[in-house]
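Everything numeric in this text was worked out from a predicted model, so none of it was measured.
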Amino acid sequence: MTYFATADLHRAFGGVSAVDHASVEIIEGKINGLIGPNGCGKTTFFNLVTGMIAADGGAVTFRDRAIGGLLPHQIALAGIGRTFQVTRLLPRLTVMDNMLAAVPSRGVAGLVRPRARAEDLRLAESWLERVGIEHLRHAEARRLSYGQQKLLEIASVLMADPDLVLLDEPAGGVNPVMISRISDLVRELNAEGKTFLIVEHNMEMVMSLCDHVIVFKAGAPIAAGPPAEVRSDPRVLEAYLGD
């Protein structure tokens with residue numbers, strides 16, 4: 001069974017191909033990395049496979065099911081969760097309300113209900129404790145440090161219990177201590193059965209964290225394999241040094 005793959009996926013903006021007929025396969029049960037020079041199409045690829053933007057063509061498959069063309073909430077219900085390069089939270093709501101809004105059966109509209117279900121509250125508490133920000137449950141999301149906001153976004157994604165978690169630059173804008181904390185969390189969750197696909201510019205994080213690395217250049221993959229193999233690939237060196 002194919003776990004997650006794209007075939008001939010493409011999308012252009014104003015005649016310029018952002019993702020150029022990309023065929024990608026990620027490995028189930030592994031921490032997969034997606035790297036490449038700035039502007040090579042990594043975030044556009046994420047947006048295509050999570051339904052944030054429509055593809056011009058190609059296919060996206062998850063667990064042998066075609067998910068291309070589904071809306072973002074439908075893809076989330078299929079078992080794929082994601083974070084964003086710039087955190088997307090409800091800034092004036094509390095940490096706990098952000099967690100409850102991420103419950104698929106509730107959503108933002110569910111926050112007007114008189115009370116949350118006890119199991120939702122327990123789940124939210126457990127994830128906040130897991131990422132280490134349970135003491136901030138009553139704080140407004142905008143009051144958190146950027147690193148804490150990253151942890152909150154990851155925790156809120158996990159409320160839906162996705163099989164596949166896509167992280168868009170989790171190390172971006174945070175200090176080395178927080179990078180180590182996020183890396184440890186990813187390793188723990190991976191050991192518990194979650195598959196990851198991570199877009200990241202921090203090469204030290206990618207090479208130490210990921211089992212399988214895919215390299216993009218000009219909107220398409222040029223190499224894929226274990227970190228050590230990818231790091232020494234002449235095509236990869238040329239892609240970075242040439243740019």
Side-chain angles (χ1 to χ4, degrees), residues 1-86 88 157 160 162-170 172 186 190 194-201 203 206 209-227 229-230 233 235-236 238-240 242-243:
M1 181 179 75
T2 300
Y3 180 68
F4 178 92
T6 68
D8 199 35
L9 189 67
H10 56 279
R11 173 63 192 254
F13 298 97
V16 177
S17 292
V19 171
D20 189 11
H21 302 274
S23 295
V24 173
E25 185 169 349
I26 70 168
I27 303 175
E28 182 176 8
K30 300 295 185 181
I31 303 173
N32 299 265
L34 177 59
I35 65 172
N38 287 332
C40 71
K42 301 182 299 293
T43 292
T44 301
F45 179 81
F46 260 33
N47 289 336
L48 288 171
V49 301
T50 56
M52 302 298 296
I53 58 176
D56 293 329
V60 184
T61 304
F62 180 56
R63 294 191 181 278
D64 285 339
R65 174 190 175 190
I67 62 169
L70 295 183
L71 297 174
H73 75 277
Q74 294 172 317
I75 289 174
L77 289 171
I80 299 176
R82 73 162 293 182
T83 66
F84 292 84
Q85 189 173 346
V86 177
R88 294 194 182 186
V157 166
D163 295 314
L164 172 61
V165 182
L166 280 60
L167 302 180
D168 195 350
E169 295 197 30
V186 169
N190 177 246
K194 294 202 180 293
T195 301
F196 284 85
L197 177 60
I198 302 173
V199 161
E200 186 51 65
H201 285 289
M203 289 299 98
V206 170
L209 180 62
C210 296
D211 307 298
H212 178 75
V213 178
I214 302 153
V215 186
F216 260 40
K217 180 183 180 182
I222 58 169
E229 180 181 306
V230 164
D233 191 315
R235 296 169 298 175
V236 177
E238 192 278 333
Y240 277 93
D243 286 37

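- In this structure, Glu200 and Gly172 approach most closely via the heavy-atom pair OE1-N, 4.2 Å.
- In summary, of the residues considered (Leu167, Leu209, Asn32), a side chain to side chain contact (heavy atoms under 4.5 Å, CB included) with Phe196 occurs for Leu167 alone.
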Would Leu164 and Ile26 count as a side-chain contact (heavy atoms from CB on, under 4.5 Å) if you check the C-alpha gap in whole Å, the side-chain angles of each, and the deciding distance to 0.1 Å?
CA-CA 10 Å; Leu164 172 61; Ile26 70 168; 3.6 Å; yes
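- The shortest distance between side-chain heavy atoms of Leu77 and Gln74 does not fall below 4.5 Å.
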Step by step, would you call His21 with Asp8 a side chain to side chain donor-acceptor pair (under 3.5 Å)?
CA-CA 4 Å; His21 302 274; Asp8 199 35; 2.7 Å; yes
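- Between Val186 and Ile31, the closest side-chain pair of non-hydrogen atoms falls below 4.5 Å.
- With a 4.5 Å cut-off on side-chain heavy atoms, Thr44 and Phe13 count as touching.
- A donor-acceptor pair under 3.5 Å is formed between the side chain of Lys194 and the backbone N or O of Pro162.
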Quick one, Phe45 with Val24, criterion side-chain contact (heavy atoms from CB on, under 4.5 Å). Give me CA distance, side-chain angles, the key distance, then yes/no.
CA-CA 10 Å; Phe45 179 81; Val24 173; 4.0 Å; yes
Between Ile67 and Ile80, does a side-chain contact (heavy atoms from CB on, under 4.5 Å) hold up when you go through it step by step?
CA-CA 11 Å; Ile67 62 169; Ile80 299 176; 3.7 Å; yes
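- The minimum heavy-atom distance between Gly79 and Phe62, with the atom names listed, is O-CZ, 4.0 Å.
- Under the 4.5 Å side-chain criterion, counting only non-hydrogen atoms from C-beta, Arg63 is in contact with Tyr3.
- Side-chain N or O atoms of Thr6 include one that pairs as donor or acceptor with a backbone N or O of Ala22 at under 3.5 Å.
- Side-chain contact check for Asp163 versus Thr195: every heavy-atom pair is 4.5 Å or farther apart.
- Remark: side-chain polar atoms of Asp56 are paired, donor with acceptor, to backbone N or O of Ala12 under 3.5 angstrom.
- Considering only heavy atoms from C-beta on, Leu166 comes within 4.5 Å of Val49 through its side chain.
- Summarising the geometry of Glu25 relative to His212, their closest heavy-atom pair is O-NE2, 4.0 Å, with the distance given to 0.1 Å.
- Atom CD1 in Ile35 sits 4.5 Å away from atom CE in Met203 (nearest 0.5 Å).
- For the side-chain hydrogen bond (donor to acceptor under 3.5 Å, both in side chains) with Asp168, the qualifying choice from Thr43, Thr50, Thr83 is Thr43, the only one to do so.
- A distance-only check finds a donor-acceptor pair linking the side chain of Lys42 to the backbone of Gly36 [under 3.5 Å].
- Considering every non-hydrogen atom in both Ile222 and Ala239, the closest pair reads CD1-CB, 3.8 Å.
- For the atom pair CG (Leu197) and SG (Cys210), the distance works out to 8.5 Å, reported to the nearest 0.5 Å.
- Residues Arg82 and Met52 meet the side-chain proximity criterion, which asks for heavy atoms closer than 4.5 Å.
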Decide side-chain contact (heavy atoms from CB on, under 4.5 Å) for Leu48 and Val19; before the verdict, give the C-alpha distance in whole Å, the side-chain angles of both, and the deciding distance to 0.1 Å.
CA-CA 9 Å; Leu48 288 171; Val19 171; 3.8 Å; yes
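- Minimum interatomic distance between Ala224 and Val230 (heavy atoms only, all atoms of both residues): C-CG2, 4.0 Å.
- In this structure, His10 and Gly58 approach most closely via the heavy-atom pair CE1-N, 4.0 Å.
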